[in-house]
Amino acid sequence: MNGSSTPTVVLVHGAFADASGFGGVIRELQSAGIEVVAPPNPLRSLAFDAAAVADAVRAVDGPVVLVGHSYGGAVIGQASADLDNVTGLVFLAAFGLDAGESCASVQGPFPPSLLAKTSTPTPYDAPGAPNGPDLYITSQFRETFCADVPADVAAVMQATQRPLSLAALTENATAAGWKTKPSWYLVSRHDNAIPPDAERFMAQRMNATTEEIDGSHTAFIAQPVAAAAFIRKALGG
């Protein structure tokens, strides 16, 4: 897809969303001549999702900067460990797990986020997941997930949300690509889905180049110019 030396940006969405949320960021990057791919994240299990993203990255001709939001950070961390063409990792209010940690366990030392109260398991097993139910945000969606987007936009995001399987939330990572690849981390100061202090902890642990943004869990939607500028720093240009 990209034979140049400038990395292709591969954007990996997280739970309760799809890649359409990256629309503003994609427009900003494309207007600067940067190749962008935003493959679907299955949200079924960490190992399965990481394998799916890894296949997409291997199909890119040339270097790649992997960008993950929320649960997508766990996916890119695991997927990138064995990908030679990944030159950098960017975490947008995202999980940066170490091997043996899950998205649930890494938050343990911190006060629970609002998401812990507003997400609900389905009464049925998650289709395609190893076991257990799916999770949806069933109340206070905008406040929990995207407090800085207009109410009508949040309503559409709620109606179209893609669930995360409980199995994906609780499955332990088996690899951590950030241990061998340079990383960047954008902390969302007003995040109600992942505790901001947990984000700071993960960013510091990975020795990431870190900045903070005054925004919600999906600050990149409300502030695509700032988010795209942050991603560009990982491109080396």
Side-chain angles (χ1 to χ4, degrees), residues 1-2 4-41 53 57 60 62-73 75-76 86-96 141-158 160-162 178 181-194 196 199-200 202-203 206 208-237:
M1 298 181 194
N2 175 20
S4 75
S5 59
T6 301
T8 294
V9 173
V10 177
L11 300 164
V12 179
H13 67 83
F16 315 115
D18 60 27
S20 65
F22 287 121
V25 169
I26 291 171
R27 286 188 288 272
E28 290 296 321
L29 294 173
Q30 288 180 336
S31 68
I34 297 165
E35 294 284 340
V36 186
V37 181
N41 183 356
V53 168
V57 172
V60 176
V64 165
V65 165
L66 262 175
V67 181
H69 170 244
S70 190
Y71 168 72
V75 173
I76 69 169
V86 173
T87 61
L89 303 172
V90 180
F91 296 82
L92 304 177
F95 289 105
F141 182 89
R142 184 175 180 230
E143 183 180 355
T144 301
F145 196 67
C146 53
D148 45 7
V149 306
D152 59 340
V153 174
V156 172
M157 291 171 64
Q158 180 173 4
T160 60
Q161 66 177 294
R162 290 187 54 206
W178 52 262
K181 300 179 188 298
S183 300
W184 287 257
Y185 200 110
L186 187 62
V187 173
S188 286
R189 289 197 184 106
H190 309 297
D191 199 322
N192 286 327
I194 301 175
E199 296 178 9
R200 295 180 183 108
M202 290 182 282
M206 67 177 69
T209 300
T210 304
E211 294 182 14
E212 300 200 1
I213 190 168
D214 282 319
S216 75
H217 187 57
T218 59
F220 66 91
I221 297 178
Q223 302 181 59
V225 175
F230 184 76
I231 292 169
R232 291 185 66 180
K233 293 179 181 181
L235 301 179

As an exercise, state the distance from [atom1] of [X] to [atom2] of [Y], rounded to the nearest 0.5 Å.
X    : Y    : atom1 : atom2 : value
Y185 : F230 : OH    : CZ    : 10.0 Å
D148 : F220 : CG    : CZ    : 10.0 Å
N41  : R162 : CG    : CZ    : 7.0 Å
L89  : M206 : CG    : CE    : 8.0 Å

Exercise. Can you find a pair of side-chain heavy atoms, one from L11 and one from V37, that are under 4.5 Å apart?
Worked result: no
Exercise. Do E35 and T6 have side-chain heavy atoms sitting under 4.5 Å apart?
Worked result: no
Which atom pair, heavy atoms only, marks the closest approach of [X] to [Y]?
X    : Y    : value
A17  : F145 : CB-CZ, 4.0 Å
G14  : S70  : CA-CB, 4.3 Å
S188 : A93  : OG-CB, 3.7 Å

When the side chains of residues 21-29 are checked against the rest of the protein, which donor-acceptor pairs come out under 3.5 Å, sequence neighbours left out?
none

Exercise. Who passes side chain to side chain contact (heavy atoms under 4.5 Å, CB included) against N192, sequence neighbours left out?
Worked result: L114, E143
Problem set entry | Stepwise salt bridge (charged side-chain N to carboxylate O under 4.0 Å, His left out) test for R189 and D214 | CA-CA 5 Å; R189 289 197 184 106; D214 282 319; 2.9 Å; yes
For this session: Go through the side-chain N and O atoms of T218 and H69 and say whether any donor and acceptor fall under 3.5 Å apart.
Result: no
Exercise. Any side-chain donor-acceptor pair under 3.5 Å between D191 and H217?
Worked result: yes
